[in-house]
Amino acid sequence: MRLLLIGAPGSGKGTQAVRIAERLGITHISSGDLLRQHVTEGTALGKQVQRYVSRGDLVPDQMVLDMLRKPIIAASEAGGYVLDGFPRTVEQAKVAYDTARALGVAVQIAIHLNVPTEDLVRRLLARGRGSDDTQEVIEHRLEVYEAKTKPMIDYYAERERLVTVDGSLPEDEVTAAVTAGIEDHRDELCD
Ligand code: AP5
């Protein structure tokens, strides 16, 4: 099973991806976690991306695509993946779609976690992950989401199976809704 979670910062992508990956026995791939790991380890990529991540700007597409190609192929061969944070723009989605389709590892179901903005800000301020969970950077991340990532919902709605879930519900209820949405489409998936 190959899944994608789309949602604003703080919508619960990471939280739900961990649960879904465990439940379905597939690999959770978080572009944000991988980028933060590079920054923490001080790799060449980490040094290049640090300023983007701490400002809440998107890392250039090519860096993200290069970082994720191998993990996505490996996860597909190992039974599937749930992507969290990638693709992030229609441009990334187009490249990922073309590349993955040619390899037979394209996303089968896109799940959109829909959460009101006031809940997002409250959740992220409460979490305080680091330099990108300050009021100013959270506001910028939400602007970037509206401008660059939200249009991806229409992109997937036109091409793939799209499931929209109310992500403002308690975590267990969101997981149940995501699971039900996946089950609704399971019979249509041929590989
Ligand atoms: P990334 O790590 O992807 O961050 P994000 O999209 O801003 O999302 P978050 O991790 O903040 O939130 P989430 O939706 O995963 O929610 P979570 O489950 O943690 O990206 C960070 C940065 O990396 C970007 O700004 C960019 O610079 C770069 N980047 C990453 N991918 C990129 C890409 N593809 N291209 C370019 N650049 C990229 O939950 C948040 C909080 O809410 C937690 O405290 C959680 O406990 C709580 N919570 C979750 N669900 C619920 C619920 N149902 N009810 C109440 N609380 C809840």
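Every number for a ligand or one of its atoms is a count from 1 in the order of the listing. Heads up: numbering here begins at 1 and tracks the sequence.
Every pair passing side chain to side chain donor-acceptor pair (under 3.5 Å) that includes a residue from residues 79-89 is listed here, sequence neighbours excluded: His28-Asp84.
When hydrogens are left out, the protein atom nearest atom 37 (N) of ligand 1 is Val59 N, 3.0 Å; that is the closest non-hydrogen contact. The nearest heavy-atom contact from the protein to atom 21 (C) of ligand 1 is Arg36 NH1, 3.5 Å. The nearest protein atom to atom 12 (O) of ligand 1, hydrogens excluded, is given as Gly10 N, 3.0 Å; this is a heavy-atom distance. Protein heavy atom closest to atom 22 (C) of ligand 1, with residue, atom name and distance, is Val53 CG1, 4.2 Å.
Residues Arg101 and Asp98 are not paired through a salt bridge, judged by the lack of any N-O separation under 4.0 Å between the basic side chain and the carboxylate. Looking at Glu91 and Lys148, no side-chain N of the basic residue comes within less than 4.0 Å of a carboxylate O on the acidic one, giving no salt bridge.
The distance criterion of under 3.5 Å between nitrogen or oxygen atoms is not met by Val64 with respect to ligand 1. Every N/O-N/O distance between Leu58 and ligand 1 stays at or above 3.5 Å. At least one N/O-N/O distance between Leu169 and ligand 1 falls below 3.5 Å. Taking only nitrogen or oxygen atoms, main chain and side chain alike, Ser30 does not reach within less than 3.5 Å of ligand 1. Among the atoms of Asp133, none of the N or O lies under 3.5 angstrom from an N or O of ligand 1. Of the polar atoms of Gly12, at least one N or O is found under 3.5 Å from an N or O of ligand 1, judged by distance alone. The shortest N or O to N or O distance between Phe86 and ligand 1 is not below 3.5 Å. At under 3.5 Å, not a single nitrogen or oxygen of Ser168, backbone or side chain, sits near a nitrogen or oxygen of ligand 1.
Using a 4.0 angstrom heavy-atom cutoff, Gly167 counts as in contact with ligand 1. Residue contact check for ligand 1: Pro60 places no non-hydrogen atom closer than 4.0 Å to it.
One N or O on the side chain of Arg161 and one on the backbone of Gln108 form a donor-acceptor pair closer than 3.5 Å. With hydrogens and angles ignored, the 3.5 Å screen pairs a side-chain donor or acceptor of Gln16 with a backbone N or O of Glu171. With Arg186 contributing its side chain and Ile182 its backbone, the two residues share no donor-acceptor pair below 3.5 Å. A donor-acceptor pair under 3.5 Å is formed between the side chain of Lys13 and the backbone N or O of Ala8. Within the 3.5 Å criterion, the main-chain N or O of Gly10 finds a donor-acceptor partner in the side chain of Arg123.
Near Gly14, with a cut-off below 4.0 Å to any heavy atom, the atoms of ligand 1 are 13 (P), 15 (O), 18 (O). Near Arg129, the atoms of ligand 1 lying under 4.0 angstrom from a non-hydrogen atom of the residue are 2 (O), 4 (O), 9 (P), 10 (O), 11 (O), 21 (C). Contact atoms of ligand 1 toward Glu171: 46 (O), 48 (N), 49 (C), 50 (N), 51 (C), 52 (C), 53 (N), 57 (C) (distance under 4.0 Å to a heavy atom of the residue). Near Gln92, meaning under 4.0 Å from one of its heavy atoms, ligand 1 places the atoms 33 (C), 34 (N), 35 (N), 36 (C). The contact set between ligand 1 and Ala8, taken as ligand atoms under 4.0 Å from a residue heavy atom, comprises 14 (O). Listed by atom number, the atoms of ligand 1 under 4.0 Å from Ser31 heavy atoms are 30 (C), 31 (N), 32 (C), 34 (N). Near Asp57, with a cut-off below 4.0 Å to any heavy atom, the atoms of ligand 1 are 26 (C), 27 (O). If you number the atoms of ligand 1 from 1 as listed, the ones under 4.0 Å from a heavy atom of Leu124 come out as 11 (O).
Side-chain atoms of His185 and Glu188, non-hydrogen and from C-beta on, do get closer than 4.5 Å to each other. Looking only at side-chain heavy atoms (C-beta outward), Leu142 and Glu146 stay at 4.5 Å or farther from each other.
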Would you sort out whether Val53 and Val59 count as a side chain to side chain contact (heavy atoms under 4.5 Å, CB included), showing the intermediate values? CA-CA 7 Å; Val53 175; Val59 169; 4.0 Å; yes

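Figure legend: cation-pi geometry between Arg159 and Tyr156 absent, as NZ or CZ is not positioned both under 6.0 Å from the six-membered ring centre and within 45° of its axis.
Other residues, nucleotides and ligands contribute over 12 non-hydrogen atoms within 6.0 Å of the CD atom of Glu41.
With sequence neighbours excluded, the residues satisfying side chain to side chain donor-acceptor pair (under 3.5 Å) with Arg127 are Asp133.
The residue among Asp166, Leu113, Thr15, Asp33 with a heavy atom at the shortest distance from atom 18 (O) of ligand 1 is Thr15. Residue nearest to atom 33 (C) of ligand 1, selected from Gln16, Arg88, Lys148: Arg88 (by heavy-atom distance). The option from Lys13, Arg55, Met63, Arg127 that lies nearest to atom 13 (P) of ligand 1, judged by heavy atoms, is Lys13. For atom 23 (O) of ligand 1, the nearest non-hydrogen atom from the set Leu65, Leu125, Leu35 belongs to Leu35. Of the candidates Arg19, Arg123, Glu91, Arg141, the one placing a heavy atom closest to atom 54 (N) of ligand 1 is Arg123.
Between the side chains of Gln37 and Asp33, not a single donor N or O lies within less than 3.5 Å of an accepting N or O.
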